[in-house]
**Student:** 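Encoded as structure tokens, here's the structure I'll be asking about.
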Amino acid sequence: MPEVELLGEGAIDDIEDIFSKTSEGIPREKVRKHVVARARKQRASKRNAPEASQVQHPLADSVIPGTQNIYVKTWGCAHNSSDGEYMAGQLAAYGYTITEDKDSAHLWLLNSCTVKNPAEDHFRNEITKAKEQGKYVVISGCVPQGAPRASYIQGLSVIGVHQIDRVVEVVEETLKGNAVRLFGQKKEAGKKLGGAALSLPKIRRNPLIEIIAINTGCLNACTYCKTKHARGELGSYPIEQIVNRAKQSFEEGVVEIWLTSEDLGAYGIDIGVTLPQLLWQLVETIPDGAMMRLGMTNPPYILEHLEEMAKILKHPRVYSFLHVPVQSGSDAVLGDMKREYCRADFMHVVDFLKERVPNITVATDIICGFPTETEEDFDETMTLVEKYHFPSLFINQFFPRPGTPAAKMERIPPPQVKKRSKQLTELFHSYQTYGNQVGQTQTVLVTEISHDGNYFVGHNKHYDQVLVPKETELIGKCVDVVIVEAGKHFMKAELATDLKLRRPENVPPPLVHGKVSGFDEQVSSSNRIKGSEHPIWVRMAVGALLVGLFIRCVGTYMGYL
């Protein structure tokens, strides 16, 4: 029978220990009754002289769940953003207040990214700030999942990337003074699933945009990539679940959906379906005037779907935009990276789509200074960028990520890496992409606010960024504009003389910022207990926690007899 032990000042080593190997997939309220908790007796020296900086005291002798303020911070990709939205939504549905004021928050939920060293550095610094301010801390995302033994996260509560549906439990235990480590994968019949349910409550960062993760993990084993350590092998969501999430989003006022994953092109290989099959069903659910943006796909798995992908990207309700990272223009370097394609494969993808999808935007990534990259290899990368003049180019200097094969390779001297990065950046800024569009009348869907806060941001069919006047009636609508100025990364526009504002067909106004998606406060009585403020799934979770607490108290008492 599994046991839960309290370690140190009330730390739970790994909350997954409450499950036996045979109980995987069983709802926790059916498993917790088999748990016997015992208190671990500590040596007097450790018990009586803990380090003050490591001691966290509960908010009170009896912590009232769902009454505290929670600050949520997310780094990284759209997939991470979606995870953060789901965690915030569950906490808010339970009763916690999600705040952007970190100083007033009782607990900080920090959702990390492991792609680059700088992102992890920011994450580590934020943990330090939280400790200095005496905040309770819960960490999540790819950093702790990929490196659970990292020294600076020891003693903190951790939520694995596949366990975000249990964020309420972890937050509650942390506020009691415990540290919880919750890892594990979602599986069914021994097969990995996409992750936590797409139907969970969420708070959208932007009420007009829904981010849907269609799969997690990937099939590659790139030698420089740390994300695979965190997200693991490919796990796809069934088409029906993704389509249902999209339908719900449009019913809640969303006008734009983003599909995200570690590799869009690999979607469905593990469950016997294809990406085009999913996309065609999604297209049928998108209202006129609303749009869908596709995320990142590596070249190997998109090659066999190019014909269908071209048709989908031409569809009027799909942005003619695709992010296809090449990373290097050299076959030798691509081989050392284990990217599973060659330069010619990437060029075939770009050429095929450019020929069949008018004015398509292809974005790509380049890594400068991979350990085996020679000057000749880098020249091949330069000629590739010169050939295509990518309008969106993400230039990264190589950073060795701990635990990856590339981290063991001899590095190119940093000054040389910086020189190559500078050369590529200068090439990128040497050409103009949007100048030929000045004077054109275009239709844009306005969904965001510019970084400086002075404009609204719309996107045309090719997902080019267009700055428009900050007039409230434009937001969430299709607008005809005239391009008057072009920069390197954007265009600026004026409203057309015969202005017509068109809200996407049959789409209601969006949810108020901060409102929980998928959580109706006027739920029917069949889903509530009279007088309760929380839906049935929350009350079941509370019941399970209370039963577990009772058992733990009894077990602790018996352990001291």
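Atom set for the values below is all heavy atoms of this structure, side chains included, hydrogens, waters and symmetry mates excluded.
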**Student:** Can you tell me how far CD of E505 sits from CZ of F250, rounded to the nearest 0.5 angstrom?
**Tutor:** 12.5 Å
**Student:** Roughly how far, to the nearest 0.5 Å, is the NE2 atom of H162 from the CZ atom of R231?
**Tutor:** 7.0 Å
**Student:** Can I159 and M87 be said to form a side chain to side chain contact (heavy atoms under 4.5 Å, CB included), step by step?
**Tutor:** CA-CA 10 Å; I159 303 173; M87 288 190 285; 4.2 Å; yes
**Student:** Going by side-chain hydrogen bond (donor to acceptor under 3.5 Å, both in side chains), S517 matches just one of E210, Q248, E85. Which one?
**Tutor:** Q248
**Student:** Is it true that the side chains of Y152 and E120 contain a donor and an acceptor less than 3.5 Å apart?
**Tutor:** yes
**Student:** Look at the side chain of Q68 and the backbone N and O of I64, then say whether any donor-acceptor pair between them is shorter than 3.5 Å.
**Tutor:** yes
**Student:** Out of curiosity, Q163 CD to Q145 CD, how far, rounded to the nearest 0.5 Å?
**Tutor:** 8.5 Å
**Student:** Could you tell me whether H229 atom NE2 has more than 12 heavy atoms of other residues or ligands within 6.0 Å of it?
**Tutor:** yes
**Student:** Can you tell me how far the CD1 atom of I312 sits from the CG atom of L275, to the nearest 0.5 Å?
**Tutor:** 6.5 Å
**Student:** With I139 as reference, evaluate N111, V158, L109, V170 under the side-chain contact (heavy atoms from CB on, under 4.5 Å) test and give the passing residue.
**Tutor:** V158
**Student:** Parallel, tilted or perpendicular: which fits the ring planes of Y463 and F321, with parallel below 30° and perpendicular above 60°?
**Tutor:** tilted
**Student:** Nearest heavy-atom pair of K226 and P402: which atoms, and what distance?
**Tutor:** NZ-O, 2.5 Å
**Student:** Would a 4.5 Å heavy-atom cut-off, applied to side chains only, mark R166 and L182 as touching?
**Tutor:** yes
**Student:** Looking only at heavy atoms, what is the nearest atom pair of A179 and G155, with distance?
**Tutor:** CB-O, 3.3 Å
**Student:** Is it the case that over 12 heavy atoms from other parts of the model lie below 6.0 angstrom from the CZ atom of R503?
**Tutor:** yes
**Student:** Quick one, H459 with Y319, criterion side chain to side chain contact (heavy atoms under 4.5 Å, CB included). Give me CA distance, side-chain angles, the key distance, then yes/no.
**Tutor:** CA-CA 9 Å; H459 293 93; Y319 286 118; 3.9 Å; yes
**Student:** Please walk me through it: do F123 and L110 pass side chain to side chain contact (heavy atoms under 4.5 Å, CB included)?
**Tutor:** CA-CA 7 Å; F123 172 62; L110 306 177; 3.8 Å; yes
**Student:** For the residue pair T99 and N69, confirm or rule out a side-chain donor-acceptor distance under 3.5 Å.
**Tutor:** no
**Student:** Does a side-chain heavy-atom distance below 4.5 Å link R401 with T404?
**Tutor:** yes
**Student:** Does K102 offer a backbone N or O that forms a donor-acceptor pair with the side chain of W108 under 3.5 Å?
**Tutor:** yes
**Student:** Answer with yes or no whether the side chains of Y96 and Q90 bring together a donor and an acceptor at under 3.5 Å.
**Tutor:** no
**Student:** Quick check for you: to the nearest 0.5 Å, what is the distance between S199 atom OG and Y86 atom OH?
**Tutor:** 7.5 Å
**Student:** Please name the pair of heavy atoms, one in L234 and one in N215, separated by the smallest distance, quoted to 0.1 Å.
**Tutor:** CD1-ND2, 3.5 Å
**Student:** Looking only at heavy atoms, which two atoms of A92 and I98 are closest? And how far apart?
**Tutor:** CB-CG1, 4.0 Å
**Student:** If we ignore angles and hydrogens, is there a donor and acceptor under 3.5 Å between the side chains of N396 and Y224?
**Tutor:** no
**Student:** Do H79 and E262 pair up side chain to side chain, a donor and an acceptor below 3.5 Å, judged on atom types alone?
**Tutor:** yes
**Student:** Between CD of Q241 and OG of S236, what distance do you get to the nearest 0.5 Å?
**Tutor:** 11.0 Å
**Student:** Are any side-chain N or O atoms of S157 and backbone N or O atoms of V180, one a donor and one an acceptor, separated by less than 3.5 Å?
**Tutor:** yes
**Student:** Walk me through whether R205 and T74 qualify under side chain to side chain contact (heavy atoms under 4.5 Å, CB included).
**Tutor:** CA-CA 11 Å; R205 181 186 63 83; T74 294; over 6 Å; no
**Student:** May I ask you to say whether K129 pairs ionically with E132, meaning some side-chain N is under 4.0 Å from a carboxylate O?
**Tutor:** no
**Student:** Taking all heavy atoms of I449 and all of V457, pick out the closest pair and write down the distance.
**Tutor:** C-CG2, 3.9 Å
**Student:** Can the ring centres of F394 and H323 be said to be less than 6.0 Å apart?
**Tutor:** yes
**Student:** For Q154 and P148, indicate whether the former's side chain and the latter's backbone hold a donor-acceptor pair under 3.5 Å.
**Tutor:** yes
